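Data block below; observations after.
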Amino acid sequence: MDKRRRLLANGPPPYGGRFERTHTAGEILDRFPELEGSSVRIAGRLRSIRRQGKVTFADLQDGGRRIQLFCRVNTMGEAAYGLLDDLDIGDIVGVAGQVMRTRTGQESVEVTGIELLTKSLRPLPEKWHGLKDVELRYRQRYVDLIVNPGVRDVFVARSKAVAAIRRFLTERGFLEVETPMLNPIPGGANARPFITHHNALDMDLYMRIAPELYLKRLLVGGFDKVFEIGKNFRNEGISTKHNPEYTAVEVYEAYADARDMMRLTEELFAYVAAEVTGGTVITFQGTRIDLTPPWPRLSMTEAVARYTGVDFDAIATDEQARAAARSKGVEVDKQATRGKVLAEMFEELVEPHLIQPVFIVDYPVEVSPLAKRKDDDPGLTDRFEPYINGWEVANGFSELNDPVDQRERFLRQLEQRAAGDEEAHMMDEDFLRALEVGMPPAGGLGIGVDRLVMLLTDSPSIRDVILFPHMRPRDLV
RNA sequence: GUGCCCGUGGCGCAACGGUAGCGCAAGGGACUUUUAAUCCCUGGGUUGUGGGUUCGAAUCCCACCGGGCACACCA
């Protein structure tokens with residue numbers, strides 16, 4: 001702060017304006033042989049300063065790259081060289097100089113002029129251990145991004161992944177749309193919503209938990225291939241795999257079904273992986289995962305049989321199903337139906353084994369209120385979820401377009417709601433009206449973008465791929 | 001929500017019942033090819049908050065606040 005006062009007293013304000021750059025640090029480093037000897041103007045943040053009397057070295061960080069500055073009183077003159085005394089690590093400067101190598105061969109810029117563009121009033125964290133405190137890394141992501149190498153790369157990769165998803169779908173003729181995040185009725189998922197209030201209308205609104213029901217209305221309206229990338233909000237616990245607001249992409253295609261959506265899913269994952277990592281085989285926390293299509297398809301019943309030895313084809317009643325669950329140590333509700341028990345046993349006993357990509361198909365109708373029933377088995381739906389690394393990374397199905405069946409499903413959900421299930425769906429009469437107008441048969445798909453990015457960037461926590469993860473507010477010191 | 005662990009100068013760490021210390025960063029000085037530059041000197045902490053035990057607490061106990069991990073919840 002004293003320095004700030006001195007700078008304000010003695011010269012131009014330490015918060016400059018436009019600075020004409022000719023190159024970035026990365027460009028100079030990448031094209032060094034070609035640029036050696038030429039004049040450049042660069043800008044960035046000082047990360048270290050090594051003063052040696054009449055010669056000073058400094059490292060300038062720009063766009064995640066670092067280049068050395070070499071300052072000599074002979075080249076700069078006494079007056080300009082003297083300005084270096086007021087510079088601190090963390091300051092943002094603009095530099096003019098010549099690209100050169102030092103005696104030791106270090107790529108550098110020999111400074112002829114330097115200009116303080118922004119004074120840093122707070123010291124940066126320790127220079128070779130960086131910022132380790134996870135809480136501070138998330139709360140002060142701006143500092144984390146400056147001092148911890150690799151953090152920046154994760155978010156560059158995230159941007160590439162989202163761009164790749166958008167390109168993949170757009171090139172296949174899907175139309176990107178935006179639907180409301182403030183919903184009078186939250187739908188499209190089993191989840192507890194955030195509630196907010198609209199003052200002018202004096203009504204409560206819900207933050208959306210999924211865009212599904214709006215996107216299906218667009219199918220009714222004649223948009224055959226649509227997608228939306230955006231945030232969903234779920235009022236639930238926080239964990240290494242859950243953030244209250246997270247990013248999903250949802251895709252709908254008229255006249256397609258679950259099989260088409262599975263092909264789309266595996267191709268999309270492979271495409272995005274290749275765009276971000278350069279290949280379709282990735283390593284997550286030491287485990288090799290091969291995303292190359294096609295991925296195997298496995299029915300939930302087969303999966304449970306394979307990993308638990310319990311054959312649901314031989315189980316006819318809810319009571320038998322509950323007994324089977326108990327025999328494997330899985331607690332289920334006393335009212336749980338056969339389908340619910342199957343899904344519970346799957347989640348508890350099978351999911352952790354599904355490391356390599358696999359599509360689990362044929363979900364019980366009880367846990368899939370928006371999916372079309374299978375023709376040959378009305379107790380099951382034509383639904384799939386791909387699993388990778390034990391995580392559910394997407395969800396899709398042949399969409400239920402029978403308004404009468406859909407109304408029945410909503411009524412079942414309302415019963416569950418009345419029984420205390422706060423995550424059960426609400427009735428959405430306007431959505432039913434849309435189905436009554438007529439929705440073409442369609443396949444739908446939702447992908448958790450954060451989890452996809454975690455896989456592609458080898459990040460063990462969802463908070464590593466979200467710039468500003470949710471934290472309890474805390475008083476600043 | 002439950003369990004376990006963590007909280008010491010701006011940052012990274014030590015001291016684990018007996019005077020709170022080290023490194024980086026900061027301030028002053030020397031130094032014309034350093035890159036964890038080096039050398040000399042200086043300042044900075046009522047140890048997350050509040051209570052308790054004790055002659056004495058950063059250290060032991062309780063509560064609260066914040067965080068991490070696991071579980072629960074959850075597509």
Side-chain angles (χ1 to χ4, degrees), chain A residues 1-3 46-60 66-76 81 85 88-90 100-108 110 120-140 143-144 146-148 188-192 209-210 212 232 234-244 246 248 250 331 343 346-348 351 360 363 367-371 383-387 391-397 421-423 445-448 450-451 460-463 469-477:
Chain A
M1 289 307 248
D2 288 341
K3 272 194 187 175
L46 293 175
R47 286 303 313 281
S48 66
I49 302 175
R50 297 178 289 283
R51 300 177 209 273
Q52 270 164 97
K54 300 205 164 43
V55 135
T56 296
F57 297 90
D59 293 319
L60 185 85
R66 271 202 212 195
I67 189 159
Q68 179 170 269
L69 303 180
F70 177 44
C71 308
R72 277 201 295 188
V73 67
N74 299 18
T75 6
M76 297 178 68
Y81 190 82
D85 288 342
D88 291 302
I89 290 168
M100 53 88 72
R101 266 186 210 280
T102 60
R103 234 174 251 171
T104 53
Q106 175 74 44
E107 296 96 338
S108 307
E110 180 162 16
S120 172
L121 300 180
R122 291 181 183 266
L124 289 176
E126 213 259 5
K127 68 175 159 191
W128 64 86
H129 294 104
L131 187 65
K132 285 193 172 164
D133 185 316
V134 184
E135 181 177 354
L136 285 180
R137 286 189 46 220
Y138 295 152
R139 287 190 194 277
Q140 299 180 31
V143 177
D144 189 33
I146 292 167
V147 303
N148 287 332
N190 296 86
R192 281 155 57 159
I209 55 176
E212 174 156 350
N232 293 337
R234 299 192 179 179
N235 206 340
E236 289 157 0
I238 298 172
S239 80
T240 48
K241 288 187 276 305
H242 300 85
N243 197 60
Y246 71 97
E250 285 206 9
E331 286 182 34
F346 170 79
E347 281 175 26
E348 202 147 322
E351 273 186 18
I360 300 300
Y363 279 62
V367 297
S368 314
L370 302 168
R383 174 183 178 189
F384 67 91
E385 285 191 353
Y387 279 83
W391 307 339
E392 170 209 337
V393 292
N395 176 26
F397 35 86
D421 181 357
E422 291 184 68
E423 279 135 19
L445 166 68
I447 297 171
D450 308 273
R451 290 183 186 176
S461 167
I462 197 169
R463 298 177 143 197
H470 187 264
M471 300 287 260
R472 273 197 158 83
R474 192 169 201 196
D475 290 342
L476 294 177
V477 183

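Every value quoted in this text rests on a predicted model; they were computed, and no experiment measured them. A, B, ... follow the sequence lines: proteins, then strands. Residue 1 opens every chain.
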Between A:F57 and A:F70, is the ring centroid distance below 6.0 Å?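 So the answer is yes for these two rings.
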Select base, sugar-phosphate, or nothing to describe what [X] touches, counting heavy atoms under 4.0 Å on all strands.
{"X": "A:E423", "answer": "sugar-phosphate"}
{"X": "A:V367", "answer": "base"}
{"X": "A:E236", "answer": "sugar-phosphate"}
{"X": "A:A191", "answer": "sugar-phosphate"}

What nucleotide, of [options], holds the atom closest to the side chain of [X]?
{"X": "A:T240", "options": "B:A70, B:C74, B:U33", "value": "B:A70"}
{"X": "A:E135", "options": "B:G67, B:C24, B:C74", "value": "B:G67"}
{"X": "A:R72", "options": "B:C73, B:A25, B:U33", "value": "B:U33"}
{"X": "A:N74", "options": "B:G67, B:U32, B:C74", "value": "B:U32"}
{"X": "A:R139", "options": "B:C69, B:U35, B:G66", "value": "B:G66"}

In whole angstrom, give me the gap between the [atom1] atoms of [N] and [M].
{"N": "B:U49", "M": "B:C65", "atom1": "P", "answer": "15 Å"}
{"N": "B:A70", "M": "B:C61", "atom1": "P", "answer": "26 Å"}
{"N": "B:C62", "M": "B:G21", "atom1": "C1'", "answer": "30 Å"}
{"N": "B:U35", "M": "B:C24", "atom1": "P", "answer": "14 Å"}
{"N": "B:G52", "M": "B:U42", "atom1": "C1'", "answer": "40 Å"}
{"N": "B:G27", "M": "B:G10", "atom1": "C1'", "answer": "15 Å"}
{"N": "B:G28", "M": "B:G43", "atom1": "C1'", "answer": "11 Å"}

Between B:U34 and A:R103, is there an OP1 or OP2 to side-chain N/O distance shorter than 4.0 Å?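 No, because none of the side-chain N or O atoms of A:R103 sits under 4.0 Å from OP1 or OP2 of B:U34.
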I want to check one thing: is the phosphate of B:A37, taken as OP1 and OP2, less than 4.0 Å away from some side-chain N or O of A:K127?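 Looking at the OP1 and OP2 atoms of B:A37, one of them is under 4.0 Å from a side-chain N or O of A:K127.
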Annotated protein contacts, base or backbone, on nucleotides 10-15 of chain B with a non-hydrogen cut-off under 4.0 Å, one of B, S, - each: SBSS--
When only distance counts, do a donor and an acceptor, one from the side chain of [X] and one from the base of [N], lie under 3.5 Å apart?
{"X": "A:R50", "N": "B:U34", "value": "yes"}
{"X": "A:T104", "N": "B:U33", "value": "no"}
{"X": "A:Q68", "N": "B:U34", "value": "yes"}
{"X": "A:Q106", "N": "B:U35", "value": "yes"}

[X] [atom1] - [N] [atom2] separation (whole Å):
{"X": "A:R51", "N": "B:U35", "atom1": "CZ", "atom2": "P", "value": "16 Å"}
{"X": "A:D59", "N": "B:U34", "atom1": "CG", "atom2": "C1'", "value": "10 Å"}
{"X": "A:H242", "N": "B:G1", "atom1": "NE2", "atom2": "P", "value": "17 Å"}
{"X": "A:M100", "N": "B:U32", "atom1": "CE", "atom2": "C1'", "value": "12 Å"}

Got a sec, which residues hit salt bridge (charged side-chain N to carboxylate O under 4.0 Å, His left out) with A:E212, two or more places apart in sequence or on another chain?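 So A:E212 forms a salt bridge (charged side-chain N to carboxylate O under 4.0 Å, His left out) with A:K216.
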Just to verify, what does A:E110 make a salt bridge (charged side-chain N to carboxylate O under 4.0 Å, His left out) with, not counting sequence neighbours?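 Listed in chain order: A:R72.
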Which residue lies more 5' along RNA chain B, comparing A:I89 with A:S368 via nearest heavy atoms: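 First, find each residue's nearest nucleotide; the 5'-ward one identifies A:I89.
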From CA spacing to verdict: side chain to side chain contact (heavy atoms under 4.5 Å, CB included), A:M471, A:E135: CA-CA 9 Å; A:M471 300 287 260; A:E135 181 177 354; 4.0 Å; yes
